[in-house]
Number of protein chains: 2
Amino acid sequence: MDIEPAASDHKKAGLFARGWSWLKALPEKLKAKVVEVANKVRKIGQDDPRRIAHALKVGLALTLVSLIYYYRPLYDGFGISGMWAVLTVVVVFEFSVGATLGKGLNRGFATLLAGALGVGAHYLSSLCGNKGEPIVLGLSVFLLAAASTFSRFIPGIKKRYDYGVVIFILTFSLVSVSGYRVDKIIELAHQRLSTIVIGSLICVIISFCIMPVWAGEDLHNLVAQNLEKLATFLEGFGGEFFKNLDDGEIVVVSGSGKSLADYLKNSEGETGSVSKSDKSFLQKYKSILTSKATEDSLANFARWEPGHGRFKFRHPWKQYLNIAGLARQCAYLLEALNGYINTEIQRKIQDVCVTMSSESGKALMELSAAIKAMTHPSLADLHVENCKNAARDLKTTLKTALLENSDLLGVIPSATVASLLVDVVVCTEKIAESVHELAKLAHFKTVEPTVTPEKSQLLHRGTVNPLAETDSPEVVITITAGPSEALPEGANPRAPVTGKHVHGSVNICD
Amino acid sequence: MDIEPAASDHKKAGLFARGWSWLKALPEKLKAKVVEVANKVRKIGQDDPRRIAHALKVGLALTLVSLIYYYRPLYDGFGISGMWAVLTVVVVFEFSVGATLGKGLNRGFATLLAGALGVGAHYLSSLCGNKGEPIVLGLSVFLLAAASTFSRFIPGIKKRYDYGVVIFILTFSLVSVSGYRVDKIIELAHQRLSTIVIGSLICVIISFCIMPVWAGEDLHNLVAQNLEKLATFLEGFGGEFFKNLDDGEIVVVSGSGKSLADYLKNSEGETGSVSKSDKSFLQKYKSILTSKATEDSLANFARWEPGHGRFKFRHPWKQYLNIAGLARQCAYLLEALNGYINTEIQRKIQDVCVTMSSESGKALMELSAAIKAMTHPSLADLHVENCKNAARDLKTTLKTALLENSDLLGVIPSATVASLLVDVVVCTEKIAESVHELAKLAHFKTVEPTVTPEKSQLLHRGTVNPLAETDSPEVVITITAGPSEALPEGANPRAPVTGKHVHGSVNICD
């Protein structure tokens with residue numbers, strides 16, 4: 001009974017103290033918040049400095065177009081229509097040249113077409129007398145707006161001309177309707193069109209001349225990066241994870257999901273897994289899973305762009321989408337594979353897995369490098385051949401593993417990983433074909449088969465696989481020799497060099 | 001020698017005849033083209049009749065807003081600013097209520113804020129004298145435009161307020177700059193704001209009252225449909241494909257890619273595969289792979305919408321995105337699985353596979369039905385339990401299969417399919433948890449555990465699995481009894497009914 005009032009006092013005092021400390025901490029908190037936001041903003045700018053440039057370019061374009069208002073000679077010429085130029089700059093100026101050009105052209109042509117139609121509708125309605133005029137105008141606006149709005153659902157129009165249709169509806173309504181009041185309709189239409197052209201031109205010229213951002217180049221880089229991300233995962237999967245296995249240690253890496261291995265382990269109470277899930281490079285490929293929308297819009301914008309730098313007009317942008325689609329297929333497989341990282345891999349099968357994984361990783365890395373440098377991806381062919389051979393060897397390896405092993409169940413998860421990797425190999429081959437096709441279509445440079453000393457070293461580091469030693473004679477070792485030094489003059493660097501794998505024309509991967 | 005001129009004549013005549021027949025066929029071809037386009041357009045309308053309604057609604061809104069121009073009293077009130085109402089309707093009217101409301105609110109508030117700032121900038125600059133005025137105005141436009149444009153790269157702003165920022169830049173530039181010429185700037189700003197409000201209101205009212213399209217409802221249905229698509233694949237995978245196997249026939253269905261089975265078969269020259277790849281229901285799940293953008297934007301729009309029908313304001317839309325994300329994870333697995341349809345499945349493993357596949361399919365179907373009906377997904381729990389049990393049984397089954405089988409390699413592809421299906425089971429369980437969470441958050445109705453006669457029959461047809469009979473005593477048969485009739489009164493319908501599977505609290509799938 002005694003305690004309660006004291007406790008209440010205590011509470012009050014506590015409340016006051018807390019309120020005071022909250023107030024005292026407020027400036028600190030505000031400062032922290034401001035710093036946090038500032039850091040976030042700085043990071044956005046650092047991630048892609050072209051964003052800062054873009055913001056400044058928009059500011060510049062708007063200031064330029066304001067000149068129409070500031071200077072009396074220009075203002076006298078355009079009158080209130082000058083605001084259309086301001087409006088045009090705000091809505092047309094986009095991040096990339098292609099998007100700006102596409103929007104500008106859409107806006108220009110739609111205004112021209114709708115303006116002409118609007119003047120026509122105005123003339124037609126004026127024939128119908130004073131009473132009929134608003135009815136005819138209203139009806140024409142209703143029908144054209146409804147039809148145009150519906151046309152925006154047609155995929156082909158939505159993809160490239162969506163903005164044009166919006167401007168078409170807008171201009172037609174404005175011109176035909178304001179014609180009912182403003183008598184000098186032709187003059188108005190002319191002013192509107194010319195200010196829009198001026199606005200669009202300012203946008204296009206600025207985005208073209210000052211640090212241009214090319215959607216085509218972005219697409220090119222994005223596709224190359226996506227292949228690189230796949231390669232990073234596969235090389236990591238093959239290289240990093242099984243590195244420790246040479247010491248006889250079993251590495252189990254915890255994946256995101258619960259896999260077969262868990263079910264198999266569960267009742268046997270096995271533990272002792274080494275968590276390495278913080279390897280962020282294994283998560284990079286995930287961005288590919290959802291990059292379709294970005295790629296599609298980049299390809300769309302790229303088609304509006306004129307030739308620039310290494311890219312000609314009518315560069316085969318569509319082929320990039322094909323490669324990107326295959327890369328996504330591969331990413332789906334990696335997503336399935338990612339769940340199986342959580343698996344104890346049998347020593348024998350593991351060797352083949354490492355070969356398949358790292359060789360397809362290297363092939364993808366070479367393909368990515370070839371796209372970046374715009375050269376023929378001939379250096380990738382050897383790796384593709386290697387991983388195909390490894391896939392072929394899998395059969396023998398699996399048989400051995402199954403026959404030798406007492407723990408038959410233990411083989412199953414390993415076999416699953418191997419199966420998925422075979423799919424990855426098939427996918428890699430398709431990607432390689434697609435990149436070859438791109439190289440043909442876009443006339444990529446052919447690289448000389450002679451390899452410079454530095455290049456050779458690089459290749460060597462890339463292809464020699466120290467993990468491929470095994471203790472069983474039945475397990476066929478995949479060729480890992482560098483492609484250059486061992487070759488007799490005139491030999492085809494694409495063909496496998498030695499070993500049992502010179503199957504010649506047997507193409508099992510079509 | 002004689003033949004050549006004759007041939008040339010013949011050629012000429014042929015050219016003429018071909019030209020003539022081309023001309024004659026032209027109207028036919030044109031007609032065919034028109035019919036084709038008309039069919040395409042009709043299909044777009046038939047696929048979603050709300051599109052036609054939307055087009056008509058836009059036409060109506062535009063005609064209504066034109067009244068401002070037609071009627072002198074209104075025109076005298078607003079003057080040339082009436083065109084802002086037309087402009088607002090064209091750009092604000094979107095397909096769903098949420099999108100329209102979001103754009104309308106963005107436009108209204110951005111105009112208000114930017115208008116006020118613009119008037120302020122105008123007042124400030126007028127203090128700087130005749131020479132300083134354009135410099136101060138130009139600088140303020142440049143700085144604000146650059147800063148606002150940059151803010152559009154911040155994800156949080158881009159997601160919900162992108163349009164608002166565009167309108168902010170637009171209005172600020174227009175007001176501050178035209179203030180330099182037009183003296184009655186406050187009046188102009190007021191007119192502009194009121195016409196924009198009128199335009200937005202017309203849009204919102206029409207999209208609200210005439211056949212409203214709710215983004216939230218679309219999201220709700222899309223998520224339910226996605227689960228159904230997954231279920232269709234899994235039930236098809238489990239049901240259709242192995243149906244014929246009871247006659248002892250091996251069914252091989254050709255998938256899209258080349259899988260391990262091909263590599264294994266290749267050198268042994270096996271053939272005789274039955275192609276069933278034309279089963280289109282097996283391809284439906286593919287749309288889920290790339291539906292993320294649609295879901296995100298629908299969820300975004302849904303947050304602007306007030307309560308409607310079965311959905312309250314602040315319905316947990318985010319939870320739908322969680323379920324959709326898990327469904328996509330599952331779709332990635334199906335994509336990997338799809339490549340393995342091309343596999344001869346071992347008889348024993350197949351039974352477990354069929355159980356896992358069809359039970360997770362049924363669980364997803366129940367979850368989808370529960371979302372559609374907005375009831376607690378308790379009916380799915382039994383199926384989830386069943387497929388978890390099947391996954392647990394897999395170990396025993398695999399051991400038997402491996403011990404019994406002479407063709408050890410033949411087991412591998414089957415084991416791969418089984419492993420992938422285990423992942424699907426895990427994913428199904430996560431989806432079920434997520435739907436339970438949604439049911440809790442959105443206060444879904446609880447269904448009575450008593451089952452109506454029709455419902456019971458349906459359940460029965462769904463759960464009794466004729467394939468689960470096996471000849472090996474070691475293979476544990478999954479419980480397939482219906483949940484209702486066999487239950488004693490008061491028993492928990494979620495708990496497994498009989499057999500070895502009453503593991504109680506052992507939750508191996510967290």
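Just so it is clear: chains get the letters A, B, ... in the order the sequence lines come, proteins before strands, and each one is counted from 1. These values consider heavy atoms only, across backbone and side chains, with no hydrogens, waters or symmetry-generated copies.
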Measure [X] against the heavy atoms of chain A and call it side chain, backbone, both or neither at under 4.5 Å.
{"X": "B:Leu289", "result": "both"}
{"X": "B:Phe93", "result": "neither"}
{"X": "B:Leu333", "result": "side chain"}
{"X": "B:Ile52", "result": "both"}

[X] and [Y]: which non-hydrogen atoms are nearest, and at how many Å?
{"X": "B:Ala336", "Y": "A:Leu420", "result": "CB-CD2, 4.3 Å"}
{"X": "B:Ile44", "Y": "A:Pro155", "result": "CD1-CD, 4.0 Å"}
{"X": "B:Ala55", "Y": "A:Ala146", "result": "CB-O, 3.2 Å"}
{"X": "A:Ala145", "Y": "B:Gly59", "result": "CB-CA, 4.0 Å"}
{"X": "B:Leu87", "Y": "A:Leu170", "result": "CA-CD1, 3.5 Å"}

Practice problem: Could you check if a side-chain atom of B:Leu60 sits within less than 4.5 angstrom of a side-chain atom of A:Phe142, using non-hydrogen atoms only? | Solution: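 Yes - at least one pair of side-chain heavy atoms lies under 4.5 Å apart.
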
Quiz prompt | Note, B:Glu335 side chain near A:Glu335 side chain (heavy atom, < 4.5 Å) | solution =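 Result no, sub-4.5 Å side-chain heavy-atom pair not found.
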
Exercise. If the plane angle is over 60° it's perpendicular, under 30° parallel, otherwise tilted; pick one for A:Phe95 and B:Phe153.
Key: perpendicular

Quiz item: Using a cut-off of under 4.5 Å for heavy-atom pairs, which of B:Leu56, B:Val141, B:Leu143 has the most such pairs with chain A?
Solution: B:Leu56

Exercise. Under 4.5 Å heavy-atom distance to chain B, tell me which part of A:Leu139 shows up: side chain, backbone, both or neither.
Key: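 For A:Leu139, no heavy atom lies under 4.5 Å from chain B.
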
Exercise. Please state whether the side chain, the backbone, both or neither of A:Val41 comes within less than 4.5 Å of a heavy atom of chain B.
Key: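 For A:Val41, backbone and side chain are both near chain B.
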
